[in-house]
Novice: 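If you scroll down you'll find the structure; I have some questions about it.
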Amino acid sequence: MILRIAAALTLLAGLGALAAYLHVMGRFPTASVAARHLRTMKDRVTPPDSVAKSSYDAFAAMPRHLPLAEFAPRERRAVSLEGYVQRMLRAADDDIHLEVAPLPRRPGDPNLRYVTAEITPQWRAGSQRWGYERLLQAFRPNTGGVTPWDSGTRRVRVSGWLLYDYEYEGASGYGPIRLSSWEIHPVTRIELWSDSLGRYTDYPR
(Lines give C-alpha, C1' and ligand atoms only; values in the text may rest on other atoms or scores of the structure.)
Protein backbone atom coordinates (compact mmCIF):
# COMPACT_ATOMS: atom_id res chain seq x y z
CA MET A 1 0.00 0.00 0.00
CA ILE A 2 2.79 2.40 0.95
CA LEU A 3 4.63 1.59 -2.28
CA ARG A 4 1.48 2.35 -4.31
CA ILE A 5 1.05 5.69 -2.57
CA ALA A 6 4.71 6.55 -3.14
CA ALA A 7 4.42 5.58 -6.81
CA ALA A 8 1.28 7.69 -7.20
CA LEU A 9 2.92 10.68 -5.54
CA THR A 10 5.98 10.28 -7.77
CA LEU A 11 3.75 10.15 -10.85
CA LEU A 12 1.85 13.26 -9.75
CA ALA A 13 5.10 15.10 -9.08
CA GLY A 14 6.36 14.14 -12.53
CA LEU A 15 3.15 15.28 -14.20
CA GLY A 16 3.31 18.54 -12.26
CA ALA A 17 6.88 19.16 -13.35
CA LEU A 18 5.95 18.41 -16.97
CA ALA A 19 2.97 20.76 -16.79
CA ALA A 20 5.16 23.50 -15.30
CA TYR A 21 7.74 23.05 -18.06
CA LEU A 22 5.07 23.15 -20.80
CA HIS A 23 3.58 26.25 -19.17
CA VAL A 24 6.93 28.04 -19.23
CA MET A 25 7.53 26.93 -22.83
CA GLY A 26 4.12 28.30 -23.89
CA ARG A 27 2.80 24.85 -24.76
CA PHE A 28 0.20 24.44 -22.01
CA PRO A 29 -3.35 25.88 -21.86
CA THR A 30 -2.46 27.83 -18.71
CA ALA A 31 0.20 29.83 -20.58
CA SER A 32 -0.62 33.44 -21.37
CA VAL A 33 -1.66 34.59 -24.83
CA ALA A 34 1.73 36.29 -25.23
CA ALA A 35 3.59 33.11 -24.21
CA ARG A 36 1.62 30.97 -26.65
CA HIS A 37 2.26 33.55 -29.38
CA LEU A 38 6.00 33.48 -28.58
CA ARG A 39 6.04 29.69 -28.88
CA THR A 40 4.18 29.83 -32.21
CA MET A 41 6.68 32.32 -33.60
CA LYS A 42 9.65 30.24 -32.40
CA ASP A 43 8.20 27.12 -34.03
CA ARG A 44 7.76 28.60 -37.52
CA VAL A 45 8.81 26.24 -40.32
CA THR A 46 7.96 28.33 -43.40
CA PRO A 47 10.85 30.23 -45.01
CA PRO A 48 10.29 33.94 -45.63
CA ASP A 49 9.49 35.18 -49.13
CA SER A 50 11.91 38.09 -48.79
CA VAL A 51 14.71 39.12 -46.44
CA ALA A 52 15.92 42.65 -45.67
CA LYS A 53 19.50 43.43 -44.70
CA SER A 54 19.77 44.59 -41.08
CA SER A 55 22.51 45.98 -38.84
CA TYR A 56 23.55 46.04 -35.19
CA ASP A 57 22.46 49.65 -34.87
CA ALA A 58 19.04 48.71 -36.25
CA PHE A 59 18.62 45.95 -33.66
CA ALA A 60 19.72 48.27 -30.84
CA ALA A 61 17.15 50.87 -31.96
CA MET A 62 14.18 48.50 -32.16
CA PRO A 63 11.37 49.39 -29.74
CA ARG A 64 11.00 47.72 -26.37
CA HIS A 65 8.19 47.00 -23.90
CA LEU A 66 5.57 46.76 -26.63
CA PRO A 67 2.19 45.09 -26.19
CA LEU A 68 1.48 42.01 -28.29
CA ALA A 69 -0.77 43.88 -30.71
CA GLU A 70 2.11 46.23 -31.60
CA PHE A 71 5.10 43.90 -31.81
CA ALA A 72 3.37 40.96 -33.55
CA PRO A 73 3.10 42.73 -36.96
CA ARG A 74 6.85 43.40 -36.91
CA GLU A 75 7.48 39.66 -36.60
CA ARG A 76 6.14 39.16 -40.11
CA ARG A 77 9.45 40.50 -41.41
CA ALA A 78 12.66 38.57 -42.04
CA VAL A 79 16.16 40.01 -41.89
CA SER A 80 19.78 39.06 -42.46
CA LEU A 81 22.77 40.00 -40.32
CA GLU A 82 26.49 39.68 -40.99
CA GLY A 83 29.05 39.03 -38.30
CA TYR A 84 30.96 36.40 -36.33
CA VAL A 85 29.60 33.79 -33.92
CA GLN A 86 31.39 34.40 -30.63
CA ARG A 87 29.32 31.98 -28.58
CA MET A 88 27.25 28.90 -29.45
CA LEU A 89 25.29 26.73 -27.03
CA ARG A 90 22.26 24.48 -26.68
CA ALA A 91 19.28 26.19 -25.07
CA ALA A 92 16.82 24.50 -22.69
CA ASP A 93 14.26 24.06 -25.51
CA ASP A 94 16.94 22.44 -27.76
CA ASP A 95 17.48 25.56 -29.87
CA ILE A 96 21.07 26.25 -30.88
CA HIS A 97 21.76 29.71 -29.51
CA LEU A 98 24.17 31.95 -31.43
CA GLU A 99 25.66 35.22 -30.26
CA VAL A 100 26.46 37.08 -33.48
CA ALA A 101 28.95 39.93 -33.00
CA PRO A 102 30.03 42.60 -35.52
CA LEU A 103 33.75 41.85 -35.18
CA PRO A 104 35.82 38.72 -34.64
CA ARG A 105 36.76 38.21 -30.99
CA ARG A 106 40.08 36.65 -30.11
CA PRO A 107 40.01 33.83 -27.53
CA GLY A 108 40.42 35.32 -24.08
CA ASP A 109 39.05 38.75 -25.05
CA PRO A 110 35.88 40.03 -23.35
CA ASN A 111 32.59 39.29 -25.09
CA LEU A 112 31.48 41.83 -27.68
CA ARG A 113 27.98 43.27 -27.98
CA TYR A 114 25.86 40.82 -29.93
CA VAL A 115 22.51 39.95 -31.50
CA THR A 116 20.93 36.59 -30.72
CA ALA A 117 20.06 34.14 -33.48
CA GLU A 118 18.44 30.78 -32.81
CA ILE A 119 18.47 27.62 -34.92
CA THR A 120 15.44 25.60 -33.89
CA PRO A 121 14.97 21.79 -33.88
CA GLN A 122 12.41 22.13 -36.67
CA TRP A 123 15.03 23.61 -39.00
CA ARG A 124 17.69 21.08 -37.98
CA ALA A 125 15.44 18.04 -38.42
CA GLY A 126 16.79 15.59 -40.97
CA SER A 127 19.96 17.60 -41.55
CA GLN A 128 23.44 16.50 -40.49
CA ARG A 129 25.01 19.76 -41.72
CA TRP A 130 22.83 21.80 -39.32
CA GLY A 131 23.65 19.53 -36.39
CA TYR A 132 25.59 21.00 -33.48
CA GLU A 133 28.99 19.48 -34.28
CA ARG A 134 28.89 20.40 -37.97
CA LEU A 135 27.82 23.94 -37.15
CA LEU A 136 30.73 24.22 -34.72
CA GLN A 137 33.06 23.46 -37.61
CA ALA A 138 31.26 25.91 -39.86
CA PHE A 139 31.13 28.87 -37.44
CA ARG A 140 34.31 28.25 -35.39
CA PRO A 141 32.90 30.16 -32.38
CA ASN A 142 35.02 31.44 -29.50
CA THR A 143 32.86 29.50 -27.03
CA GLY A 144 30.87 26.33 -27.65
CA GLY A 145 33.49 23.79 -28.64
CA VAL A 146 36.24 22.00 -26.75
CA THR A 147 39.23 24.05 -27.90
CA PRO A 148 39.78 27.38 -29.70
CA TRP A 149 40.01 27.30 -33.50
CA ASP A 150 43.45 28.01 -34.93
CA SER A 151 41.99 30.04 -37.78
CA GLY A 152 39.65 32.06 -35.57
CA THR A 153 35.94 32.68 -35.92
CA ARG A 154 34.44 32.67 -39.41
CA ARG A 155 32.55 35.55 -41.01
CA VAL A 156 28.92 34.54 -41.52
CA ARG A 157 25.55 35.86 -42.59
CA VAL A 158 22.43 34.48 -40.92
CA SER A 159 18.90 35.14 -42.13
CA GLY A 160 15.50 34.40 -40.64
CA TRP A 161 12.36 35.69 -39.01
CA LEU A 162 12.35 38.59 -36.58
CA LEU A 163 11.13 37.63 -33.12
CA TYR A 164 10.58 39.73 -30.01
CA ASP A 165 11.62 37.64 -27.01
CA TYR A 166 9.89 39.84 -24.44
CA GLU A 167 11.03 37.57 -21.60
CA TYR A 168 14.37 39.42 -21.68
CA GLU A 169 12.62 42.67 -20.77
CA GLY A 170 12.30 41.69 -17.10
CA ALA A 171 13.59 43.56 -14.10
CA SER A 172 17.15 42.37 -14.69
CA GLY A 173 17.10 43.33 -18.37
CA TYR A 174 19.34 41.53 -20.82
CA GLY A 175 22.69 42.96 -19.80
CA PRO A 176 25.00 45.49 -21.41
CA ILE A 177 26.33 43.25 -24.20
CA ARG A 178 23.07 41.82 -25.59
CA LEU A 179 21.89 44.59 -27.88
CA SER A 180 18.19 43.78 -27.94
CA SER A 181 15.38 41.43 -27.02
CA TRP A 182 14.72 41.22 -30.76
CA GLU A 183 16.26 38.12 -32.32
CA ILE A 184 16.60 36.27 -35.59
CA HIS A 185 14.51 33.28 -34.60
CA PRO A 186 14.25 30.87 -36.27
CA VAL A 187 17.29 31.08 -38.54
CA THR A 188 16.22 29.89 -41.99
CA ARG A 189 19.43 30.42 -43.99
CA ILE A 190 23.16 30.31 -43.24
CA GLU A 191 25.91 31.71 -45.47
CA LEU A 192 29.66 31.52 -44.92
CA TRP A 193 32.22 33.97 -46.24
CA SER A 194 34.65 32.60 -48.81
CA ASP A 195 37.99 34.42 -48.95
CA SER A 196 38.86 32.75 -52.25
CA LEU A 197 35.60 33.81 -53.91
CA GLY A 198 35.27 37.14 -52.09
CA ARG A 199 31.60 36.55 -51.31
CA TYR A 200 29.16 34.60 -49.14
CA THR A 201 28.28 31.05 -50.10
CA ASP A 202 25.29 29.04 -48.94
CA TYR A 203 25.67 26.53 -46.14
CA PRO A 204 22.63 24.42 -47.02
CA ARG A 205 20.77 22.18 -44.67
Side-chain angles (χ1 to χ4, degrees), residues 42 47-48 50-64 74-75 77-92 95-120 123-124 129-170 172-205:
K42 289 181 176 182
S50 62
V51 176
K53 183 178 180 179
S54 191
S55 68
Y56 295 87
D57 287 343
F59 268 90
M62 294 189 75
R64 301 172 54 187
R74 297 172 184 264
E75 295 175 318
R77 297 171 48 211
V79 299
S80 67
L81 185 69
E82 300 180 19
Y84 302 81
V85 178
Q86 65 175 354
R87 183 176 174 86
M88 175 175 159
L89 55 88
R90 293 184 185 275
D95 287 353
I96 294 179
H97 168 98
L98 309 177
E99 295 179 1
V100 186
L103 299 170
R105 180 172 67 86
R106 294 177 301 177
D109 286 349
N111 286 348
L112 300 171
R113 300 178 78 193
Y114 67 88
V115 168
T116 295
E118 304 271 356
I119 305 172
T120 61
W123 283 90
R124 302 198 315 274
R129 292 171 63 89
W130 281 34
Y132 190 86
E133 295 301 325
R134 293 288 294 273
L135 288 172
L136 274 179
Q137 298 171 31
F139 294 140
R140 305 197 299 256
N142 295 101
T143 304
V146 178
T147 58
W149 302 92
D150 292 337
S151 49
T153 54
R154 175 178 277 158
R155 184 178 171 187
V156 302
R157 179 163 63 196
V158 293
S159 305
W161 293 105
L162 272 176
L163 178 137
Y164 180 55
D165 198 341
Y166 66 88
E167 293 176 327
Y168 285 92
E169 301 287 14
S172 61
Y174 42 73
I177 62 172
R178 177 171 173 148
L179 282 174
S180 176
S181 291
W182 287 91
E183 304 175 351
I184 299 177
H185 192 159
V187 171
T188 61
R189 185 182 184 187
I190 297 170
E191 298 167 274
L192 305 177
W193 179 261
S194 169
D195 286 328
S196 60
L197 298 175
R199 61 179 173 83
Y200 285 103
T201 59
D202 266 314
Y203 185 75
R205 293 179 63 254

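Computed from a predicted model, the values in this text were never measured in an experiment. Computation of the quantities below employed the complete heavy-atom set of this structure, encompassing side-chain atoms and omitting hydrogens, waters and symmetry-equivalent molecules. Counting begins at 1 with the first residue of the sequence.
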Novice: Of the non-hydrogen atoms in Ser54 and Val79, which two are nearest, and what is the gap between them?
Specialist: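 Taking Ser54 first and Val79 second, the nearest heavy atoms are CB-CB, 3.9 Å.
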Novice: Just checking Arg77: does its CZ atom have more than 12 heavy atoms from other residues, nucleotides or ligands closer to it than 6.0 angstrom?
Specialist: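 Atom CZ in Arg77 is not packed in, count stays at 12 or less.
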Novice: Verify the neighbour count for atom CZ of Arg113: are there more than 12 heavy atoms of other residues, nucleotides or ligands below 6.0 Å?
Specialist: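 12 or below, so no.
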Novice: Work out which heavy atom in Val100 is nearest to a heavy atom in Ala117; give both atom names and the distance.
Specialist: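 Shortest heavy-atom separation between Val100 and Ala117 comes out as CG2-CB, 4.2 Å.
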Novice: For Ser159 versus Glu191, what's the shortest heavy-atom pair and its separation?
Specialist: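 Residues Ser159 and Glu191, closest heavy atoms: OG-OE1, 4.3 Å.
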Novice: Measuring from Thr116:OG1 to Phe59:CZ, what's the distance to the nearest 0.5 Å?
Specialist: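 Rounded to the nearest 0.5 Å, the OG1-CZ separation comes to 9.0 Å.
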Novice: Please check: side-chain N/O of Arg154 versus main-chain N/O of Ala138, any donor-acceptor pairing under 3.5 Å?
Specialist: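 Confirmed, Arg154 side chain pairs with Ala138 backbone.
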Novice: Quick check against the 3.5 Å criterion: does Glu75 have a side-chain atom that pairs as donor or acceptor with the backbone of Trp161?
Specialist: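 Checked: no pair found.
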Novice: If you measure from CG on Asp150 to CZ on Arg140, what distance do you get to the nearest 0.5 Å?
Specialist: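 Reported value, rounded in 0.5 Å steps: 10.0 Å.
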Novice: What distance do Arg87 atom CZ and Asn111 atom CG have between them, rounded to the nearest 0.5 Å?
Specialist: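 With rounding to 0.5 Å, CZ (Arg87) is 7.0 Å from CG (Asn111).
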Novice: Answer yes or no: is there a donor N or O on one side and an acceptor on the other, between the side chain of Tyr166 and the main chain of Ser181, under 3.5 Å?
Specialist: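 A pair under 3.5 Å: no.
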Novice: Restricting to side-chain hydrogen bond (donor to acceptor under 3.5 Å, both in side chains), what partner residues turn up for Gln86, sequence neighbours left out?
Specialist: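 Gln86 satisfies side-chain hydrogen bond (donor to acceptor under 3.5 Å, both in side chains) with Arg105 once adjacent residues are dropped.
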Novice: Mind jotting down which residue pairs meet the side-chain hydrogen bond (donor to acceptor under 3.5 Å, both in side chains) criterion with at least one end in residues 196-205? Sequence neighbours excluded, please.
Specialist: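 Qualifying pairs, neighbours excluded: Glu82-Tyr200, Arg155-Tyr200, Arg189-Asp202, Ser194-Ser196.
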Novice: Minimum heavy-atom separation for Trp130 and Val187, please, with both atom names.
Specialist: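 Between these two residues, the closest heavy atoms are CZ3-O, 3.8 Å.
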Novice: Identify the two heavy atoms, one from Pro48 and one from Thr188, that lie closest to each other, and give their separation to 0.1 Å.
Specialist: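 Nearest heavy atoms, Pro48 then Thr188: CD-OG1, 3.6 Å.
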Novice: Nearest 0.5 Å, please: how far is CD1 in Ile119 from CZ in Phe139?
Specialist: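 Rounded to the nearest 0.5 Å, the CZ-CD1 separation comes out at 4.5 Å.
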Novice: For Tyr84 and Asn142: C-alpha separation, side-chain torsions, deciding distance, then whether side chain to side chain contact (heavy atoms under 4.5 Å, CB included) applies.
Specialist: CA-CA 9 Å; Tyr84 302 81; Asn142 295 101; over 6 Å; no
Novice: Which heavy atom in Leu136 sits nearest to a heavy atom in Gly145, and how many Å separate them?
Specialist: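 What the structure gives for the nearest pair is CD2-N, 3.8 Å.
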Novice: Given Arg178, which of Glu183, Glu99, Glu169 fulfils the salt bridge (Lys or Arg N to Asp or Glu O under 4.0 Å) condition?
Specialist: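 Of Glu183, Glu99, Glu169, salt bridge (Lys or Arg N to Asp or Glu O under 4.0 Å) with Arg178 is met by Glu183 alone.
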Novice: Go through the structure and list residues passing side-chain hydrogen bond (donor to acceptor under 3.5 Å, both in side chains) with Asp195, not counting sequence neighbours.
Specialist: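 In terms of side-chain hydrogen bond (donor to acceptor under 3.5 Å, both in side chains), with neighbours along the sequence ignored, Asp195 is linked to Trp193.
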Novice: Side chains of Ile190 and Leu135: closer than 4.5 Å at any heavy-atom pair?
Specialist: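 Ile190 vs Leu135: side chains touch.
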Novice: To the closest 0.5 Å, what do you measure between CZ (Arg157) and CG (Leu192)?
Specialist: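 Rounded to the nearest 0.5 Å, the CZ-CG separation comes to 11.0 Å.
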Novice: Hey, is the main chain of Ala101 close enough, under 3.5 Å, to the side chain of Tyr56 for a donor-acceptor pair?
Specialist: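 A pair under 3.5 Å: yes.
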Novice: Is the backbone of Pro63 close enough, under 3.5 Å, to the side chain of Trp182 for a donor and an acceptor to pair up by distance?
Specialist: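 Yes.
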Novice: For Thr153 and Val85: C-alpha separation, side-chain torsions, deciding distance, then whether side chain to side chain contact (heavy atoms under 4.5 Å, CB included) applies.
Specialist: CA-CA 7 Å; Thr153 54; Val85 178; over 6 Å; no
Novice: Nearest 0.5 Å please: distance from the NE2 atom of His185 over to the CG atom of Leu163.
Specialist: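 Reported value, rounded in 0.5 Å steps: 6.0 Å.
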Novice: Between Tyr164 and Ser180, is any pair of side-chain heavy atoms under 4.5 Å apart?
Specialist: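 Side chain of Tyr164 against side chain of Ser180, heavy atoms only: no contact under 4.5 Å found.
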